[in-house]
Number of protein chains: 2
Amino acid sequence: MAKKISTEDKILKSAQEIFHHKGFEGARMQEIADKAEINKGLLHYYYKSKDKLFESVFNIALKQMLSKLNEVLREEIDLFTKIEKLVDSYITVLSINTFIPNFVFQEINRNPDFFIEKFRKFNTNEGIKVFEKQIEEETAKGTIIKIDSKQLIINIISMSIFPFMAKPMAIGILELTEKDYKKIIDDRKKLVAKFTINAIKK
Amino acid sequence: MAKKISTEDKILKSAQEIFHHKGFEGARMQEIADKAEINKGLLHYYYKSKDKLFESVFNIALKQMLSKLNEVLREEIDLFTKIEKLVDSYITVLSINTFIPNFVFQEINRNPDFFIEKFRKFNTNEGIKVFEKQIEEETAKGTIIKIDSKQLIINIISMSIFPFMAKPMAIGILELTEKDYKKIIDDRKKLVAKFTINAIKK
DNA sequence: GTCTATAGCTGGATAGAC
DNA sequence: GTCTATCCAGCTATAGAC
């Protein structure tokens, strides 16, 4: 038998859909209530305010964006394998949650200073540190070219995330169909890693 | 003597600042009027509605993002030189208009289908086509590895634009100062081109 | 062209019945 | 827990004086 979905879950799911597409300012509590098939009163019964509801949605989104990344970054595998795994699993995660990057960066930019602090304190950077060290070791050993570890990380992340954020522009300018676009994204799971390794290996 | 700034210009400048930072939904006509040191009535005298004012701001932003890019893409220079020039001039342009990418992509995503059409019709893709052809020729000649031209373009653009969009996250997670960040961006004017050429040259 | 005042609506939040 | 009704603040847009 189908598991009964609680009202609270229905609200959260609806709120995610609306907030992800329209952002905090563009979202309407009425629209969220409609999508959840309840009324505004009940919405406020579960989540005291729009801010509170938004906070829940945002924190989940941030976690979806960072936890997988952090997980892979910490694994004890060799650099090239890690880059391959990183790109593949990250693009896979984002393929399921296509709207997350746009949503997250949009909201961060409404309040940049707050988030800089949040990232500094948060444990987001454990994985990054492990990865940075690993890059520096390989550079010292001479297996890869001399490159600033932060720059390399920025390159990998950029190529993995940006295509999701630029989807409508890419489709329009590169004259793609929805299917073309999907294919391109899927190909990137291998391509971005190859490209990166080509660029840095000696 | 100092050129007198017309009221209309003052309004546009103020509107850009507010819209770029807060987006259409987050922007308030009152705030724009305050920044321009006029009252709301006068705002509506020059620009009939918030929509109209927004449209002006958005179209300028889109142009700032695409025209330089398109210009370089069409030049008749060899592939590697073009990549170098492309990255350098593009990062330079965005360094002056840091908020443009976030603003543009946020607004595009509020209305993706409308913009897909706009890009299709617009002459945005002339340059892209020239560049695609050039890549394919070099691939055929064997001077560079076999790579889908669209994927290569996506990589270059991703590495050029994304760091601006992710600024607060980068500063927080990579533990940078504002100065570090500026240095990293500046270094990327050369680094991204080198990285790309390394990745594709045989 | 520029200002003040205000109309008119929208949307978040609460009260209170069931 | 769930609903309806309603309050009230905030916002765009307009009217009208100067």
Side-chain angles (χ1 to χ4, degrees), chain A residues 1-61 99 103 106-111 114, chain B residues 1-61 99 103 106-111 114:
Chain A
M1 66 201 173
K3 186 90 165 283
K4 192 173 172 287
I5 303 154
S6 73
T7 304
E8 197 167 353
D9 281 357
K10 264 203 313 199
I11 291 174
L12 193 64
K13 280 263 179 297
S14 308
Q16 286 178 316
E17 207 160 314
I18 305 291
F19 278 131
H20 288 175
H21 283 82
K22 312 204 168 180
F24 178 81
E25 296 285 356
R28 297 289 167 257
M29 293 298 265
Q30 184 62 60
E31 209 180 345
I32 294 171
D34 289 348
K35 185 157 291 244
E37 294 174 300
I38 52 155
N39 55 75
K40 272 197 294 178
L42 199 52
L43 234 184
H44 280 88
Y45 172 81
Y46 281 99
Y47 295 85
K48 279 270 154 296
S49 66
K50 188 182 180 184
D51 280 279
K52 289 258 191 303
L53 178 54
F54 175 80
E55 218 185 307
S56 303
V57 171
F58 183 84
N59 286 334
I60 293 170
F99 297 96
F103 169 64
Q106 168 183 348
E107 297 305 329
I108 286 176
N109 267 59
R110 288 199 312 130
N111 222 336
F114 171 79
Chain B
M1 65 202 174
K3 187 92 164 282
K4 193 173 171 286
I5 303 154
S6 72
T7 305
E8 197 168 353
D9 281 358
K10 265 203 314 199
I11 291 175
L12 192 65
K13 280 262 177 298
S14 308
Q16 286 178 315
E17 207 162 315
I18 304 292
F19 278 132
H20 288 176
H21 282 83
K22 313 205 168 180
F24 178 81
E25 296 284 357
R28 297 290 166 256
M29 294 297 265
Q30 184 62 62
E31 209 182 343
I32 294 171
D34 288 348
K35 185 157 294 248
E37 294 172 300
I38 52 154
N39 54 74
K40 275 195 294 178
L42 199 53
L43 235 183
H44 280 89
Y45 172 81
Y46 281 99
Y47 294 86
K48 277 270 154 296
S49 65
K50 188 182 179 182
D51 280 279
K52 288 259 190 304
L53 179 52
F54 174 80
E55 219 186 306
S56 302
V57 171
F58 183 84
N59 285 335
I60 293 169
F99 297 97
F103 169 65
Q106 168 183 348
E107 296 305 330
I108 286 175
N109 267 61
R110 289 198 311 129
N111 223 335
F114 170 78

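So you know, we letter chains A, B, ... as the sequences are listed, proteins then strands, and number each from 1. We use all heavy atoms of the structure for the numbers below, so side chains are in, but hydrogens, waters and symmetry mates are not. Worth saying up front: this structure is predicted, and the values here are computed from it rather than measured.
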- For A:Tyr46 and for B:Lys48, find the nucleotide of DNA chain D with the closest heavy atom, then tell me which residue's nucleotide is more 5'. A:Tyr46

Measure the distance from [atom1] on [X] to [atom2] on [N] and round it to the nearest whole Å.
| X | N | atom1 | atom2 | value |
| --- | --- | --- | --- | --- |
| A:Met29 | D:dT6 | CE | P | 21 Å |
| A:Ile11 | D:dC3 | CD1 | P | 10 Å |
| A:Leu42 | D:dA5 | CG | P | 16 Å |
| A:Tyr47 | D:dT2 | OH | P | 13 Å |
| A:Glu31 | C:dG12 | CD | P | 10 Å |
| B:Glu25 | D:dT12 | CD | P | 10 Å |
| A:Phe24 | C:dG12 | CZ | P | 8 Å |
| A:Ile32 | C:dT10 | CD1 | C1' | 16 Å |

- Shortest non-hydrogen pair, B:Ser49 vs B:His44, comes out as CA-CD2, 4.3 Å

Below 4.0 angstrom, N of the basic side chain to O of the carboxylate: do [X] and [Y] qualify?
| X | Y | answer |
| --- | --- | --- |
| A:Lys35 | A:Glu17 | yes |
| A:Glu25 | B:Arg28 | yes |
| A:Glu107 | A:Arg110 | yes |

- Query: Does A:Thr7 put a side-chain nitrogen or oxygen below 4.0 Å from OP1 or OP2 of D:dG1?
  - Reply: no

- Message: Taking only side-chain N and O atoms of A:Asn39, does any of them lie within less than 4.0 angstrom of OP1 or OP2 on D:dT2?
- Response: no

- Query: Under 6.0 Å between the ring centres of B:Phe19 and B:Phe54?
  - Reply: yes

- Ranking B:Glu37 and A:Ala27 by the position along DNA chain C of their nearest nucleotide, the one closer to 5' is B:Glu37

Taking the side chain of [X] as heavy atoms from C-beta outward, which of [options] is closest to it?
| X | options | value |
| --- | --- | --- |
| A:His44 | C:dT2, D:dC11, C:dT14 | C:dT14 |
| A:Tyr45 | C:dC3, D:dG1, C:dA13 | D:dG1 |
| B:Lys40 | D:dA13, C:dG1, C:dA13 | D:dA13 |

- Message: Determine whether a donor-acceptor pair (one donor, one acceptor, N or O, separation below 3.5 Å) exists between the side chain of A:Lys50 and the base of C:dG11.
- Response: no

